Amino acid sequence: MELSKNYIPSNVEEKWYKHWMNKNYFKSEPDDRPPFTVVIPPPNVTGVLHMGHTLNETVQDILVRKARMSGFNACWVPGSDHASIATEAKVVDMLKREKGIDKNTLSREEFLKYAFEWKEKYGNIIYNQIEKLGCSVDWDRVTFTMDDHYYKAVIKVFVDLYNKGLIYRGARMINWDPAAKTALSDEEVEYKDVTGKLYYIKYKASPDPSKGGEQEAFIVIATQRPETIMGDVAVCANPNDERYSSLQGKKVIVPLINKEVPVIFDEYVDKDFGTGILKITPAHDINDFNIGLKFNLPVVDTLNEDGTLSEAAQIFIGEDRFVARKKIVEELREKGLLVKEEEYTTRLGYSQRTNVVAEPKISTQWFVKMKDLAQPALDAVRSEKIKIHPNEKFNATYKYWLENVKDWCISRQLWWGQQIPAWYDEEGNVYVAETEDEARQQLALSSQHSAISSKLTQDEDVLDTWFSSWLWPMEVFNGISNPGNKEIDYYYPTSVLVTGQDIIFFWVARMIMAGMEYRHEKPFSDVYFTGMVRDKMGRKMSKSLGNSPDLLTLIHEYGADAVRFGIMISSPAGNDLLFDESSLEQGKFFNNKLWNAMKLLKMWESQLAISNQQSAISNDNFALQWFANRLHEVRNEVEILMQQFRLSEALKTIYSLIWDDFCSWFLEWIKPEYGTSISNEVYEKAVFYFDELLQLLHPFMPFITEEIYHLLKGRNDDLMVKQFSPIQNTDPELLTLGDKLKNVISAIRDAKNKNNVKPKEPVSLFIETNEESSYQQIKEILAKQTNADHIYFNKMPEVSAIMTVAGNEKIYIKSDAEIDTTVQKEKLTKDLNYLKGFLITVEKKLSNDKFVQNAKPEVIELERKKKEDAESKIKVIEQTIASLDI
RNA sequence: GGGAGCAUAGCUCAGUUGGUUUAGAGCAUCUGCCUUACAAGCAGAGGGUCCGCGGUUCGAACCCGUGUGCUCCCA
């Protein structure tokens, strides 16, 4: 077979994914092996994978593949989230744009039909992307948060929590999204700093009957929201503020609507803010609401659900809140009631989904009581039953949120999602049950009149998406809908959760709560938080900036392995990563390097066949032994790094082992002379090492490793399920000798380079050493790598030669080239100065009595050794320089 | 306003319990090579006031304090 010059990923990726699928390698069923379970953080069903997902899925696939090759029964469950607000918004938009249909003209059933059609049409995009990336998910386990069993589980949990008194319904101040026309949880509101205006408005004092009502007295109130003055029910000053003490028991008139409201006093008011007196509008501000409760004030809600002014506002009814603000300011100005306006920086809450300003609003919603649920979740992390990585960064955030958790508003005024299982009778009594029949039975029990005739109406609202996804690690195995089944008992708790730090509260904390509540067991043992993917200028990736690349385009251009490599190599755990396509290019080059190493071996293989003559293996013994040791040394390092979730470093380590140690050193060391062939044994060993390298790299770059594994020789097995062999101990002496060999080769190459001796030009080497015996193992390689036709030990060359020093050994390089001693002297003098400086620092330490008294004996011994070492090196260099001067 | 984290080569980052040669890697840069696997390559090289200041210690990139700058979370 003709091998292409460079690696072409598109040819092989699809082939291997199909092959793995056909072999059922991704499939998992409970068996005797220990499980390694990962549940995918379900992406939005109608979304596409962005670079953040790409990072997350790659990390998960690396962990899952590694576990699968290490004796675990690896199970990675894919799926998607119905994402109620986001999806409903998309469907509403699509209906309007493509079909000219207004949601309000549809029945609930009709709308849901369109929504499911939409989901069928677009729901597979993400699955296709997950596949293209090479993710080894068990496709028989795809779960959607609105699947029948899942839907039932969510309902079951709602009813259960209600019966336990952990869910209640009530009127509270919540965050309202006027665009989506639904309530939001506190977590769904994002605060941004914005420049707004502070308006100073005159409120006239009510005419005082005792004074004949003639005066023009007024107070000035500063507000950011003049459009809410119609909801004012009082004005409030600090009781210690002398400026307003005369207003005790007085009333003022709200402008424009001429409504009389009382003046009240409360310490809450900051004397220094604005004019020191506030308007109290309980319907539209949480602080005002609390004061309203304290003083038993009425609530006047002047806004409709869509953010327009309501009838209660009396004026500008039906105008949008921001339009109304302008008009009111204008009218106040015309009437001389606007004293001034000034620039003011404030924080406004925006709906995470629709990006409109959220309104604080009094509304009757369903809530989960969080305090009791939070405690076990807190304990699980405190006791390190669940370990968060990187620990130091996120533990504090997690704990703070749980310790200060507020009740969770879970009802949403939407249709796409699980409909709240609460039924109301005609008198407004509520019955919470899994089915209408059960609700009816409750009704029958609780009342005298006939249950059959009485009309029950189900709550129109659906549940927050996160109220379904918090059950994810359990219900993907039917752990809620069918507790005690074989799968949930085997796979739960899952092994590791990989997700973005932005959903620590939305999802991670709540999954822990649900797990502790329903299985009395953590949902996962480790949580690995990935950072945010930014562009190379450090900006967030966003559609509006156009800096978010399309995954399939990248895969098409670089190949999935290169994309995986590129995103992993630059992504330290938990830190944001600056995404730069140049790292994908590096991945592509790496693919090519692997490909060419394979081609070299194939070339050697073909020469094995033609030639009977074999070079003696003894020359290659050192290379083989050294590489075997180096391989196991690195496997050991990688194992530790993986356990610590330092995947980026693990990949770097493997990369360098393959590129530097294997390709640049090992293959060159065993490369046969031109015209000769490699020995069978050396060839077989080289292939064996290559296999091991491919295996080590496979979790990171699955496609190319599988491809090369099969091209290297005929196989009956596949790399993706090949089990790792045990890691062997390494021989430190052999590794040290390997390092020495590399150093000597580099020093000689450097000397040749600096003295303008061409690399190919043959030389003779004269090495002054105390360890001549150790050179016996490496001198053949040394000769080959430096193009030396002779190596002499402890013998002077008869004519002048280039001199260099490696370690504490003096090396003469004899060649036909002209010798320029100044270049050599420069280099030697530089080394000498470095060593002298170094020696001074060491001597300083050793001559310090306190150091000798206090430091550990090993440390002192080490310093002494450093000193001796430096001294002997200095001596060699000084001698060499002296001999250059002759 | 409260809290967390970060600051090391041009860039992105390692640096474990304070001592492992007066700090390492990748990328970028420079020099020399079209060498029978790979120019998407090979062989080399240069590049650092470890953010400033103060302290603890025989010894600090690392510990403590403080200042400055950046990022994130929460209200």
Side-chain angles (χ1 to χ4, degrees), chain A residues 3 5-7 186-187 190-191 286 347 349 390 392-401 404 501-502 504-505 531-532 534 536 538 562 569-572 574-580 582-583 585-604 607 640 644 646 648-649 651-653 655-656 659-660 663-664 667-668 671-672 674-675 745-754 756-760 785-787 827 833-842 844-856 858-860 862-863 865-867 869-870 873:
Chain A
L3 292 168
K5 185 165 184 290
N6 294 319
Y7 174 64
D186 296 346
E187 287 70 34
E190 288 173 348
Y191 292 87
I286 181 67
R347 286 179 72 85
E392 67 285 354
K393 220 170 166 177
F394 298 109
N395 260 348
T397 322
Y398 176 85
K399 286 174 186 167
Y400 182 84
W401 186 76
N404 297 282
Q501 51 192 273
D502 49 331
I504 183 165
F505 309 133
M532 195 188 294
R534 299 167 176 275
K536 66 177 164 187
I569 201 77
S570 51
S571 102
N575 280 352
D576 286 358
L577 87 94
L578 304 188
F579 179 81
D580 185 347
S582 71
S583 67
E585 200 164 48
Q586 199 190 340
K588 197 166 130 182
F589 294 170
F590 186 38
N591 277 334
N592 203 44
K593 188 74 184 174
L594 288 161
W595 183 253
N596 278 289
M598 179 272 293
K599 275 171 64 185
L600 178 64
L601 286 177
K602 294 309 279 183
M603 198 182 83
W604 290 346
Q607 288 163 357
I640 292 164
Q644 297 170 335
R646 294 161 76 168
S648 173
E649 283 168 64
L651 178 56
K652 279 178 190 164
T653 308
Y655 174 81
S656 156
W659 199 300
D660 302 328
C663 293
S664 297
L667 289 180
E668 295 298 331
K671 190 182 257 180
Y674 183 65
I745 293 171
S746 290
I748 294 167
R749 281 174 176 169
D750 184 33
K752 285 174 84 170
N753 196 19
K754 287 216 163 70
N756 294 317
V757 179
K758 294 260 185 295
K760 274 193 289 188
Q785 293 290 280
T786 55
N787 234 332
K827 156 107 169 99
N833 287 340
Y834 173 87
L835 283 166
K836 279 185 171 166
F838 175 70
L839 185 64
I840 289 168
T841 65
V842 177
K844 229 189 239 168
K845 272 192 201 175
L846 284 169
S847 61
N848 182 337
D849 288 345
K850 284 182 178 166
F851 171 74
V852 181
Q853 282 161 26
N854 292 318
K856 282 181 274 180
E858 312 89 271
V859 174
I860 297 170
L862 192 72
E863 292 300 320
K865 203 160 173 291
K866 280 191 209 167
K867 182 174 177 240
D869 214 34
K873 281 178 186 171

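In what follows, every chain begins at residue 1, and chains take the letters A, B, ... in the order their sequences are listed. This is a predicted model, so every value here is computed, not measured.
What separates CG of A:L578 from P of B:U71 is a distance of 13 Å, to the nearest Å. Summarising the geometry, the separation between CD on A:E190 and C1' on B:C72 is reported as 13 Å, rounded to the nearest angstrom. Regarding A:Q501, its CD atom lies at a distance of 13 Å from the P atom of B:C6, rounded to whole Å.
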Can you check nucleotides 22-27 of chain B for protein contacts, nitrogen or oxygen pairs under 3.5 Å, and list what you find?
unit_1: B:U22; atom_1: OP1; unit_2: A:Y834; atom_2: OH; d: 2.9
unit_1: B:U22; atom_1: O4; unit_2: A:Y834; atom_2: O; d: 2.5
unit_1: B:U22; atom_1: O4; unit_2: A:F838; atom_2: N; d: 3.4
unit_1: B:G26; atom_1: O2'; unit_2: A:Q586; atom_2: NE2; d: 3.1

Using nucleotides 46-48 of chain B, report all nitrogen or oxygen pairs with the protein that are shorter than 3.5 Å.
unit_1: B:G46; atom_1: OP1; unit_2: A:K830; atom_2: NZ; d: 2.2

Under 3.5 Å between N/O atoms: give me all the protein pairs with nucleotides 58-63 of chain B, atom names plus distance.
unit_1: B:C58; atom_1: O2'; unit_2: A:N848; atom_2: ND2; d: 2.6

Just the atom pairs and distances: protein N or O near nucleotides 73-75 of chain B's N or O, under 3.5 Å.
unit_1: B:A75; atom_1: N6; unit_2: A:R347; atom_2: NE; d: 2.6
unit_1: B:A75; atom_1: N6; unit_2: A:R347; atom_2: NH1; d: 3.2

Name the pairs: protein N/O against N/O of nucleotides 29-35 of chain B, kept only if under 3.5 Å.
none

What are the atom names and distances for every N/O pair under 3.5 Å that joins the protein to nucleotides 37-42 of chain B?
unit_1: B:A37; atom_1: OP1; unit_2: A:K671; atom_2: NZ; d: 3.3
unit_1: B:A37; atom_1: O2'; unit_2: A:N596; atom_2: OD1; d: 2.6
unit_1: B:A37; atom_1: N6; unit_2: A:C663; atom_2: O; d: 3.4
unit_1: B:A37; atom_1: N6; unit_2: A:E668; atom_2: OE2; d: 3.1
unit_1: B:A37; atom_1: N3; unit_2: A:N596; atom_2: O; d: 3.0
unit_1: B:A37; atom_1: N3; unit_2: A:A597; atom_2: N; d: 3.4
unit_1: B:C38; atom_1: O4'; unit_2: A:N596; atom_2: OD1; d: 2.9
unit_1: B:C38; atom_1: O4'; unit_2: A:N596; atom_2: ND2; d: 3.4
unit_1: B:C38; atom_1: O2'; unit_2: A:N592; atom_2: ND2; d: 3.4
unit_1: B:C38; atom_1: O2; unit_2: A:K593; atom_2: NZ; d: 3.0
unit_1: B:C38; atom_1: N3; unit_2: A:K593; atom_2: NZ; d: 2.9
unit_1: B:A39; atom_1: OP1; unit_2: A:K5; atom_2: NZ; d: 2.5
unit_1: B:A40; atom_1: O2'; unit_2: A:N592; atom_2: ND2; d: 3.3
unit_1: B:A40; atom_1: N6; unit_2: A:N6; atom_2: ND2; d: 3.3
unit_1: B:G41; atom_1: O3'; unit_2: A:K593; atom_2: NZ; d: 3.2
unit_1: B:C42; atom_1: OP1; unit_2: A:K593; atom_2: NZ; d: 2.6
unit_1: B:C42; atom_1: OP1; unit_2: A:W659; atom_2: NE1; d: 2.8

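Two residues are said to be in side-chain contact when any heavy atoms from C-beta on lie closer than 4.5 Å; A:R749 and A:N753 fail this criterion. Between A:Y398 and A:I504 there is a side-chain heavy-atom pair separated by less than 4.5 Å. For the pair A:T397 and A:Q501, the minimum side-chain heavy-atom distance is 4.5 Å or more. Looking at heavy atoms from C-beta onward, A:L862 lies out of side-chain contact with A:E858 at the 4.5 angstrom threshold. Taking the side chain as every heavy atom from C-beta outward, A:Q607 and A:M603 approach each other to under 4.5 Å. Inter-residue side-chain proximity for A:D869 and A:K865 is flagged as unmet; no heavy-atom pair is nearer than 4.5 Å.
Atom NZ of A:K867 sits in a sparse spot, with 12 or fewer heavy atoms from other residues, nucleotides or ligands closer than 6.0 Å. In A:K399, the NZ atom is crowded: over 12 heavy atoms of neighbouring residues, nucleotides or ligands sit closer than 6.0 Å.
Contact annotation for A:N404: no contact, since no heavy-atom pair falls under 4.0 Å across all strands. If you check every strand for non-hydrogen atoms under 4.0 Å, A:S746 touches sugar and phosphate atoms only.
Applying the salt bridge (Lys or Arg N to Asp or Glu O under 4.0 Å) test to A:K671 and every residue at least two apart in sequence or in another chain returns A:E668. Among residues two or more places apart in sequence or in another chain, the side-chain contact (heavy atoms from CB on, under 4.5 Å) test is passed with A:A870 by A:F838, A:L839. With sequence neighbours left out, A:R534 forms a salt bridge (Lys or Arg N to Asp or Glu O under 4.0 Å) with A:D576. Partners of A:I640 by side-chain contact (heavy atoms from CB on, under 4.5 Å), not counting sequence neighbours, listed by chain and number: A:Q644. Applying the ring-ring contact (aromatic ring centres under 6.0 Å, His included) test to A:F590 and every residue at least two apart in sequence or in another chain returns A:F565, A:Y655.
Ionic pairing of A:E863 and A:K866 is present here: one or more N-O contacts between side-chain nitrogen and carboxylate oxygen are shorter than 4.0 angstrom.
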| Which string of ( ) [ ] | and . matches RNA chain B, if you list each base 5' to 3' and count Watson-Crick or G-U pairs only when both distances are under 3.5 Å? | (((((((..((((.....[....)))).(((((.......))))).....(((((..]....)))))))))))).
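Here the closest non-hydrogen pair linking A:R347 and A:Y191 is NH2-CB, 3.1 Å.
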